[in-house]
2 protein chains.
Amino acid sequence: MAQKPSIPKGTRDFSPIEMARRNYIFDTIREAFRLHGFHQIETPAMENLSTLLGKYGEEGDRLLFKILNSGDFFKDVDPSELQDPNLTRLATKLCEKGLRYDLTVPFARYVVQHRQDIQMPFKRFQIQPVWRADRPQKGRYREFYQCDADVVGSDSLHNEVELLGLIDYVMRKLKIRTRILVNNRKVLSGIAEVIGEPDKLIDITVAIDKIDKIGLDAVKEELIERGVSAEAVEKLQPILELKGSNEEKLARLGEILKDSETGLKGVEELQQVIGSFESLGHDCELDLDVSLARGLNYYTGTIIEVKALDAQIGSITGGGRYDNLTGVFGVSGLSGVGISFGADRIYDVLNTLGLYPGSLSSAVQVLFVNFGPEEALASEGLARLLRDNGISAMVYPEATKMKKQMGFANTEGIPFVAIVGESELAEKRVTVKNMGSGEQKSIPMADFASLTIAGMP
Amino acid sequence: MAQKPSIPKGTRDFSPIEMARRNYIFDTIREAFRLHGFHQIETPAMENLSTLLGKYGEEGDRLLFKILNSGDFFKDVDPSELQDPNLTRLATKLCEKGLRYDLTVPFARYVVQHRQDIQMPFKRFQIQPVWRADRPQKGRYREFYQCDADVVGSDSLHNEVELLGLIDYVMRKLKIRTRILVNNRKVLSGIAEVIGEPDKLIDITVAIDKIDKIGLDAVKEELIERGVSAEAVEKLQPILELKGSNEEKLARLGEILKDSETGLKGVEELQQVIGSFESLGHDCELDLDVSLARGLNYYTGTIIEVKALDAQIGSITGGGRYDNLTGVFGVSGLSGVGISFGADRIYDVLNTLGLYPGSLSSAVQVLFVNFGPEEALASEGLARLLRDNGISAMVYPEATKMKKQMGFANTEGIPFVAIVGESELAEKRVTVKNMGSGEQKSIPMADFASLTIAGMP
């Protein structure tokens with residue numbers, strides 16, 4: 001016998017019940033995007049490597065899946081360079097294309113390529129898989145979905161308010177209790193300024209981003225190691241220990257940052273975003289968190305991160321404002337703000353907490369027992385009527401023993417079994433059995449054209 | 001300025017309106033699959049090359065997109081073999097994975113890998129992209145979607161009847177007038193037998209498969225070239241010229257094939273499938289076509305092909321019965337029958353014939369004009385109420401000139417504009433304008449919680 005086949009590590013098959021669950025998540029997010037006025041686009045799985053390389057740092061370049069050129073992939077390789085091969089250079093000679101690594105770079109490429117056809121502000125969403133040659137581990141896959149919504153071509157903070165509302169909407173629909181953390185890059189810059197270390201902005205944020213994990217003392221040690229002066233670290237401490245309501249924290253930050261124009265601008269932006277969001281009402285908790293940084297080099301204004309309150313899984317959604325989405329493709333000045341739902345982590349949260357709707361099932365709703373060609377044909381005709389009413393139905397394909405067919409219905413979790421035997425055929429009636437309650441009901445065939453689930457036993 | 005970015009040849013971006021059209025097709029097919037009791041699965045984009053190689057012939061092996069190994073991809077290559085490289089062997093040393101080429105081989109792999117969890121008969125559907133390094137040309141892409149439904153683990157012809165009904169259902173929903181062509185591999189075998197050329201089955205079917213394109217005389221010439229005797233070709237002619245209703249053709253075939261047990265079995269199967277399908281009623285035309293072969297080496301019973309009547313585009317759906325889906329992975333005896341909808345060709349047909357529903361749009365339904373922070377915030381609150389009623393709504397993010405905002409609504413094709421200005425805010429009313437008719441209506445804010453599209457001007 002051949003070796004049992006397998007799939008590449010870090011990838012997954014999805015079974016029917018897993019698909020039902022994933023579709024529930026994707027459908028919820030897609031509908032939320034649509035209701036908030038976002039337009040769907042799709043881009044190809046493969047992009048030119050020239051589009052992808054250099055966009056995700058050195059580590060990202062290494063994690064790109066590259067596609068071997070078709071035909072004579074070796075034609076550009078000089079045998080002399082193979083004695084001590086430079087793998088990076090060699091890879092770009094063997095491969096012109098790669099699999100997309102995220103949805104942001106393809107979106108930036110799309111905006112530049114199609115800018116003649118795009119009206120600004122452009123609200124786009126995109127739900128597609130991405131691929132990374134990461135070391136697979138629990139909760140980290142080499143193929144996973146991203147669900148991104150971005151508004152480009154508008155600096156208005158109204159976009160932030162709407163995106164926070166979108167997050168709140170999705171989490172309410174999915175019944176996940178969450179806390180949304182917000183911060184602003186300008187506040188971080190202001191903090192670095194007022195403690196007298198404006199050049200250490202990145203060191204400071206990298207260190208304080210870890211405060212949840214390693215605690216305040218370890219953060220202070222790391223800051224010293226990174227060359228931040230002891231005096232600056234002392235000044236930082238009360239900022240990291242900010243307590244109270246968002247309003248209280250913002251008021252205190254306003255005092256601390258009173259000598260930094262950038263910092264005060266950040267406080268003002270946070271005030272507007274948080275104030276508007278709170279006045280509209282919401283289910284999520286919303287917390288100003290000055291230690292939140294998330295890929296600092298990328299975000300220029302608001303920074304957003306979402307955590308599930310009832311599951312230890314890290315961030316399930318994140319995003320923020322950026323200044324120059326398309327500069328790298330030669331079109332500058334285009335700012336935007338966006339969020340990305342981590343569908344695979346949300347899937348893990350719903351699985352852990354058992355938050356799927358009770359009705360979620362991959363099973364067909366009505367199974368007709370097969371008693372032979374004549375009965376099966378009559379059943380197929382009735383199944384068609386049910387389908388026209390939106391009820392999924394199938395005829396068991398083989399006229400095997402009744403017990404086997406009922407066993408199939410049981411194992412599959414099919415809620416109703418319809419029986420069209422010899423006597424039913426003669427009387428033009430169908431016996432329908434509720435597999436849950438065991439209840440049976442005889443229904444005239446003539447009623448099938450208008451039959452609904454409510455009309456079943 | 002950087003070079004304008006592009007995407008790999010043979011791949012496509014899909015814009016919002018294109019996505020609305022594609023979703024219409026995919027949603028229709030997905031719902032049809034669900035209503036007919038099929039279960040959705042998904043498999044990874046990447047499969048091990050050992051799973052894919054050798055399954056699609058030599059040409060198929062060449063057309064697989066292969067993925068360069070991560071890390072030191074050169075470690076298994078001996079420099080001595082690079083002087084005169086064997087590209088095929090070299091590729092398998094550089095690459096362990098490839099992109100899926102169709103959905104059938106991954107499905108076979110899935111069935112074998114998860115057979116402990118699968119109850120037979122197993123009705124699965126799968127809607128995912130596939131990738132082929134084909135030369136791109138009109139209507140042929142390097143990334144395209146397949147929509148497959150298969151039943152495995154059942155020999156019953158009821159499956160064929162149901163699949164034909166499924167095709168009829170989808171085409172009726174999409175409003176595509178179609179002709180379904182059916183044939184049976186056993187009939188083809190019988191024909192080769194009775195004309196005295198049982199060993200030339202493949203030559204005969206390859207030749208007669210072209211009769212639509214090149215005509216009867218050219219087919220006869222080709223048969224002679226392929227070594228079929230002149231006598232056999234003479235015997236074949238009346239079979240190829242079969243005319244009349246399906247019943248008449250089947251009756252005539254029964255006579256012609258009376259000395260071939262296999263052939264008669266094929267006629268009997270066709271009679272049952274065609275007879276059942278016709279007795280259930282249908283919109284598609286259904287034609288027995290003895291020249292239909294479609295990948296003959298693969299199908300073992302019924303063969304199905306679907307053509308659009310009003311567009312010259314070749315086959316838009318196809319399928320048939322096969323005997324040994326999983327033999328290549330070490331599990332034999334599993335037969336099945338399936339069909340595959342060609343979503344990209346169907347997309348081209350709907351575009352050509354303008355068959356999309358008039359309501360199909362990617363635009364948001366209601367745009368709130370932005371008059372400033374206070375009005376925008378009130379508008380966002382009202383937009384939320386609309387979204388809770390399933391109406392998509394957005395607030396224009398910037399408080400720019402009214403004319404610019406109305407222009408945005410016009411260009412985007414937004415049907416309704418809602419105005420919450422200073423006076424509306426004071427009166428707690430909203431002015432809603434129908435952008436098509438120009439009609440306006442003043443609606444109390446209190447009514448927004450129950451407002452529907454029907455309640456708008």
Side-chain angles (χ1 to χ4, degrees), chain A residues 1-2 5 7-8 11 13-16 19 34-37 39-46 48 51 65-68 70 74 79 82 85 87 91 94-95 97 109-110 112-113 119 121 133 143 154 156 158-159 161 276 280 329-330 362 364 376-377 380-381 387 392 394-395 397-398 411-412, chain B residues 1-2 5 7-8 11 13-16 19 34-37 39-46 48 51 65-68 70 72 74 79 82 85 87 91 94-95 97 109-110 112-113 119 121 133 143 154 156 158-159 276 280 329-330 362 364 376-377 380-381 387 392 394-395 397-398 411-412:
Chain A
M1 190 178 123
I7 51 179
T11 69
D13 283 327
F14 294 108
S15 70
M19 282 307 300
R34 187 190 73 77
L35 287 171
H36 287 74
H39 300 294
Q40 188 171 15
I41 69 163
E42 281 188 3
T43 62
M46 299 185 283
N48 291 320
T51 299
F65 280 113
K66 300 169 187 77
I67 293 164
L68 193 67
S70 309
F74 227 68
L82 298 172
L87 287 173
L94 297 172
C95 305
K97 294 180 287 290
R109 194 265 311 144
Y110 179 96
V112 173
Q113 194 173 331
Q119 187 178 208
E143 173 180 62
S154 165
S156 163
H158 190 84
N159 298 301
V161 176
S276 298
L280 285 166
F329 296 118
S362 65
V364 70
L377 197 56
E380 187 67 35
R387 291 174 196 140
S392 63
M394 66 175 272
V395 181
E398 317 265 349
T411 311
E412 292 274 298
Chain B
M1 191 178 122
I7 49 178
T11 69
D13 283 328
F14 295 109
S15 70
M19 281 308 300
R34 187 190 71 79
L35 286 171
H36 287 75
H39 300 295
Q40 188 172 14
I41 68 162
E42 281 188 2
T43 62
M46 299 186 281
N48 291 321
T51 299
F65 280 112
K66 300 169 188 76
I67 293 164
L68 193 67
S70 309
D72 184 0
F74 228 68
L82 297 172
L87 288 173
L94 297 172
C95 306
K97 295 180 286 290
R109 193 264 311 144
Y110 179 98
V112 172
Q113 195 174 329
Q119 185 177 210
E143 173 179 62
S154 164
S156 163
H158 189 85
N159 298 302
S276 297
L280 285 166
F329 296 116
S362 67
V364 70
L377 198 56
E380 187 68 34
R387 292 175 195 137
S392 64
M394 67 177 272
V395 180
E398 317 266 349
T411 312
E412 292 274 299

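Computed from a prediction, not measured in an experiment: that's the story for all the values here.
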Measuring from atom [atom1] of [X] to atom [atom2] of [Y], what distance do you get when rounded to the nearest 0.5 angstrom?
{"X": "B:Leu87", "Y": "A:Ser70", "atom1": "CG", "atom2": "OG", "result": "11.5 Å"}
{"X": "B:Asp13", "Y": "A:Glu42", "atom1": "CG", "atom2": "CD", "result": "10.0 Å"}
{"X": "A:Glu398", "Y": "B:Ser154", "atom1": "CD", "atom2": "OG", "result": "3.5 Å"}

Largest heavy-atom contact set with chain B, pairs under 4.5 Å, which of [options]:
{"options": "A:Gly381, A:Ala133, A:Ala376", "result": "A:Ala376"}
{"options": "A:Thr43, A:Ile41, A:Asn48, A:Leu94", "result": "A:Asn48"}
{"options": "A:Arg34, A:Lys66, A:Gln40", "result": "A:Gln40"}

Grab the two heavy atoms, one from [X] and one from [Y], that are nearest each other, plus how far apart they are.
{"X": "B:Thr11", "Y": "A:Met46", "result": "CG2-CE, 4.1 Å"}
{"X": "B:His39", "Y": "A:Ser362", "result": "ND1-O, 2.8 Å"}
{"X": "A:Met394", "Y": "B:Gly37", "result": "SD-O, 4.3 Å"}
{"X": "B:Phe14", "Y": "A:Tyr110", "result": "O-OH, 4.0 Å"}
{"X": "A:Pro397", "Y": "B:Ser156", "result": "O-OG, 2.6 Å"}

* Structure fact -> The interface call for B:Ser15 against chain A, heavy-atom contacts under 4.5 Å, is both
* Asked: Do B:Glu143 side-chain atoms and A:Ala45 backbone N/O form a donor-acceptor pair below 3.5 Å?
  -> yes
* Asked: Under 3.5 Å, is there a donor-acceptor pair between the side chain of B:Glu380 and the main chain of A:Leu280?
  -> no
* For A:Phe65, all residues meeting ring-ring contact (aromatic ring centres under 6.0 Å, His included), sequence neighbours excluded -> none
Best-contacting candidate, [options], against chain A by heavy atom pairs under 4.5 angstrom:
{"options": "B:Ile67, B:Asp72, B:Ile7", "result": "B:Ile7"}
{"options": "B:Arg109, B:Gln119, B:Glu412, B:Lys97", "result": "B:Gln119"}
{"options": "B:Leu377, B:Asn159, B:Thr51", "result": "B:Leu377"}

